[in-house]
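In listed order, ligands and their atoms are each counted from 1. In this text, all values refer to a predicted model and were calculated from it rather than measured experimentally.
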Amino acid sequence: MGPREARRILEEKAREKGFDLVGVTGAEPLAEGGERLKEWQEAGMAADMGYMHRPAELLSEPKRLQKSARSVVSLGVSYYPGDHPENDGGGGRVARYAWGKDYHIVIKERLRSLRAELEEALGVKIKARAFTDAVPLLERSAAQHAGLGFFGRNSCLINGNIGSYFFIADLILDLELEPDVHGTGTCGKCTRCMASCPTGAIKAPGVVDARLCISYLTIENKGEIPRELRHAVNDWAFGCDVCQEVCPYNKRKATMSRWPEFSAGTGAGPYLEIEEVLGIRTEQEFEKRFEGTPLTRPGRAGLLRNCCVAAGNLRLVDAVPTLVGCLHEDESPLVRGHAAWALGEIGDAESATALREALEREPDEGCLVEIEAALEGLQGRSDGLE
Ligand code: B12
Ligand code: SF4
Ligand code: SF4
């Protein structure tokens, strides 16, 4: 069977499996993507994501992942679960891609069975690497080469028919398949994402500085959310969708995911109950609560840190007792420090008392700085009222 017929069968099988987009490219290096990655790394924009500091050649050459590679299959699956309802209940906002089950697990299962079905249909043994958002390959670049879409100014890959709310999944195969033409499209004169990014993280068209991106700050970041960025984080507790929400391609084209695993009812949904999350004290409790969803990624302390920031920004007076619990009892200095910040933002009498008490007994220097800054802020505000 020739590469063209094999490509046709791949498309048929992938669509049966529910993938919305299917494309193929050769296993040659992703030269332009590699160059852009190098510049991004050199500018420090990879922050402290260890896996993004690997040499650009490793991330841009499929053959480094599988020596016998002949084709890279790029698949797209819409995760769009709808839009956030109004945040009337004061919840911690979750980015759409994370409302349901953990996509790594869900997609990988389907990739495995797609590969098995392909072997059966083509009657050959196929050596394959199957992954999504896990192995260090420039997945957006490979997908653009495979015709899935074009790079938007927000750096997301946009497809003219379904927008950008889709995951990219890959199969690197030792099988020759007819390649697709590279994806094309344009943002035209639009710059909405660049103007709307709350932290100014989109430094140039297609270039996102992870150090400023709310998605990085609330998911990959292991340390504190810099004080000067906390207000801009607003109510986002996990990820950020702003630069996709404003995109006209999504406004017009986003189509609901056909995979039930990505719907709100199967996982964390659009909002976290902030007080509930702030009450989680042990790793076991955390794992049990979020197991099987993407929300385990930042770890317990990271997610509580995010919920503290959201609570402070939302001025959640009802959350004060739980925040006081975090400040006085949590074992993680990261959580205690951000709880102090949130109490300083809310600033009622109970918050002020709890902060003064904590000042007497807090052992961690970083937390003491947070508590002092929160108390100074409160003092400044009450002076202003006099
Ligand atoms: C590190 C990472 C992040 C980091 C850094 C993001 C970034 N923009 O670099 C952080 C944590 C911030 C992040 C956030 C998000 N991520 Co992310 N992330 C990745 C990861 C692991 C690597 C991305 C990367 O290589 N960055 C380095 C830069 C240099 O590369 P790049 O952004 O892909 O940019 C390319 C273009 O510039 C391109 N390029 C080449 N030629 C040209 C020409 C022109 C004109 C232009 C403009 C660009 C261009 O070359 C670059 C290299 O490929 C990929 C998975 C993977 N292995 O690829 C997922 C991935 C990019 N993330 C994904 C998602 C869903 C998100 C979020 C939407 C999640 C959320 N809601 O919070 C946000 C979106 C933020 C944004 N605007 O990018 C999806 C994107 C799917 C899509 N349709 O684009 C991916 C592909 C995961 C997946 N398998 O589905 N992410
Ligand atoms: S995900 Fe949010 S913070 Fe990151 S670039 Fe987009 S709008 Fe900016
Ligand atoms: S918002 Fe506008 S500039 Fe940004 S990615 Fe979408 S079309 Fe391009």
Engineer: Just need the protein heavy atom nearest to atom 8 (Fe) of ligand 3, so name the residue and atom and give the distance.
Structural biologist: Cys187 SG, 2.3 Å

Engineer: What atoms of ligand 1 come closer than 4.0 angstrom to any heavy atom of Gly33?
Structural biologist: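 Listed by number with element, the hits are 50 (O), 52 (C).
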
Engineer: Measuring only between side-chain heavy atoms, which start at C-beta, is Arg110 closer than 4.5 Å to Phe19?
Structural biologist: yes

Engineer: Can you tell me which portion of Ser164 lies within the under-4.0 Å heavy-atom range of ligand 1? Options are side chain, backbone, both, or neither.
Structural biologist: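 The part of Ser164 near ligand 1 is the backbone, not the side chain.
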
Engineer: Output the list of atoms in ligand 3 that are nearer than 4.0 Å to some heavy atom of Cys247, sorted by atom number.
Structural biologist: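 Going through ligand 3 atom by atom, the ones under 4.0 Å from Cys247 are 1 (S), 6 (Fe), 7 (S).
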
Engineer: Heavy-atom contact check, 4.0 Å cutoff: does Glu39 meet ligand 1?
Structural biologist: no

Engineer: I'd like to verify the contacts: list protein N, O or S atoms under a distance of 2.8 Å from atom 2 (Fe) of ligand 2.
Structural biologist: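 Protein N/O/S atoms under 2.8 Å of atom 2 (Fe) of ligand 2: Cys240 SG.
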
Engineer: Relative to atom 28 (C) of ligand 1, which among Trp40, Tyr216, Tyr103, Phe150 owns the nearest non-hydrogen atom?
Structural biologist: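 Closest candidate by heavy-atom distance is Trp40.
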
Engineer: Have Tyr103 and Asp133 got a donor and an acceptor in their side chains that come within less than 3.5 Å?
Structural biologist: yes

Engineer: So if I count the atoms of ligand 3 from 1 in the order they appear, which ones are less than 4.0 Å from some heavy atom of Ile158?
Structural biologist: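 Close to Ile158: 5 (S).
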
Engineer: Enumerate the atoms of ligand 1 whose separation from the nearest heavy atom of Thr132 is less than 4.0 angstrom.
Structural biologist: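 Counting from 1, the qualifying ligand atoms are 89 (N).
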
Engineer: Does the side chain of Pro333 reach to within under 4.5 Å of the side chain of Cys367, using non-hydrogen atoms?
Structural biologist: yes

Engineer: May I ask you to list the residues sharing a hydrophobic cluster with Tyr249, side-chain cutoff 4.5 Å, ordered by chain and number?
Structural biologist: Phe150, Ile158

Engineer: Considering only non-hydrogen protein atoms, determine which one is nearest to atom 15 (C) of ligand 1 and report residue, atom name and distance to 0.1 Å.
Structural biologist: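 Checking every protein heavy atom, the shortest distance to atom 15 (C) of ligand 1 gives Ser215 OG, 3.6 Å.
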
Engineer: Considering Asp133, Leu217, Leu21, Leu30, which one's heavy-atom position lies nearest to atom 21 (C) of ligand 1?
Structural biologist: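 It is Asp133 whose heavy atom sits nearest to atom 21 (C) of ligand 1.
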
Engineer: Which residue and non-hydrogen atom of the protein lie closest to atom 55 (C) of ligand 1, and at what distance in Å?
Structural biologist: Glu139 OE1, 3.0 Å

Engineer: Is Glu117 salt-bridged to Lys17, cutoff N-O under 4.0 Å?
Structural biologist: yes

Engineer: Whether Arg115 and Glu119 form a salt bridge (side-chain N of Lys/Arg under 4.0 Å from carboxylate O of Asp/Glu) is what I want to check.
Structural biologist: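 Result for this pair is yes, salt bridge flagged.
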
Engineer: What class does the angle between the rings of Phe290 and Phe286 fall in, given that below 30° is parallel, 30 to 60° is tilted and above 60° is perpendicular?
Structural biologist: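 Tilted: the ring planes of Phe290 and Phe286 meet at 30° to 60°.
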
Engineer: Assess the side chains of Glu345 and His231: does a donor N or O sit below 3.5 Å from an acceptor N or O?
Structural biologist: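 Distance-only check passes for Glu345 and His231.
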
Engineer: Counting each atom of ligand 2 from 1 as listed, which ones have a heavy atom of Ile202 under 4.0 Å away?
Structural biologist: 5 (S)

Engineer: Enumerate the atoms of ligand 1 whose separation from the nearest heavy atom of Gln244 is less than 4.0 angstrom.
Structural biologist: 68 (C)

Engineer: Taking the side chain as every heavy atom from C-beta outward, state whether Glu362 and Asp364 have any pair of such atoms under 4.5 Å apart.
Structural biologist: yes

Engineer: If the cut-off is 4.0 Å to any non-hydrogen atom of Cys243, which atoms of ligand 1 fall inside it?
Structural biologist: 77 (N)

Engineer: Note the single closest protein heavy atom to atom 57 (N) of ligand 1, along with its residue, its atom name and the distance in Å.
Structural biologist: Leu137 O, 2.8 Å

Engineer: With respect to atom 12 (C) of ligand 1, which of Cys240, Cys213, Ser78 exhibits the smallest heavy-atom separation?
Structural biologist: Cys213

Engineer: Relative to each other, are the rings of Tyr80 and Tyr165 parallel, tilted or perpendicular (30° and 60° limits)?
Structural biologist: parallel

Engineer: Could you check atom 3 (S) of ligand 3 against the protein and tell me its nearest heavy-atom contact, residue, atom and distance included?
Structural biologist: Cys190 O, 3.0 Å

Engineer: Applying a strict 4.0 Å limit to heavy atoms, is Asn154 in contact with ligand 2?
Structural biologist: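 Outside the 4.0 Å threshold, so no.
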
Engineer: Between Ser141, Ala56, Pro205, Ser155, flag the one that comes closest to atom 51 (C) of ligand 1 by a heavy atom.
Structural biologist: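 It is Ser141 whose heavy atom sits nearest to atom 51 (C) of ligand 1.
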
Engineer: Could you tell me the residue and atom name of the protein heavy atom closest to atom 23 (C) of ligand 1, and the distance to it rounded to 0.1 Å?
Structural biologist: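 Here the nearest protein heavy atom works out to Met52 CE, 4.2 Å.
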
Engineer: Which of the atoms of ligand 1 are close to Val208, meaning less than 4.0 Å from one of its heavy atoms?
Structural biologist: 8 (N), 77 (N)

Engineer: For atom 90 (O) of ligand 1, what's the nearest protein heavy atom and its distance?
Structural biologist: Ile168 N, 2.9 Å

Engineer: Which of these, Gln144, His145, Arg211, Arg140, has its nearest heavy atom closest to atom 61 (C) of ligand 1?
Structural biologist: Arg140

Engineer: Give the atoms of ligand 3, by number and element, whose distance to some non-hydrogen atom of Arg153 is under 4.0 Å.
Structural biologist: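 In order of numbering, the contacting atoms are 3 (S), 5 (S), 8 (Fe).
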
Engineer: Give the atom numbers and elements of ligand 3 that come within less than 4.0 Å of a heavy atom of Cys193.
Structural biologist: 1 (S), 3 (S), 4 (Fe), 5 (S)

Engineer: Atoms of ligand 1 less than 4.0 Å from Phe167 heavy atoms?
Structural biologist: 90 (O)

Engineer: Please examine the side chains of Leu278 and Cys308, heavy atoms only from C-beta on, and report whether any two atoms are closer than 4.5 Å.
Structural biologist: yes

Engineer: Any atoms of ligand 1 less than 4.0 Å from a non-hydrogen atom of Glu32? List them with their elements.
Structural biologist: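 Listed by number with element, the hits are 41 (N), 42 (C), 43 (C).
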
Engineer: Just so I know, are the side chains of Asp20 and Leu75 near enough to count as touching, which here means a heavy-atom distance under 4.5 Å?
Structural biologist: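 Not in contact.
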
Engineer: For ligand 1, which atoms, with element, lie under 4.0 Å from some heavy atom of Cys156?
Structural biologist: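 Contacts of ligand 1 toward Cys156, numbered from 1: 84 (O).
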
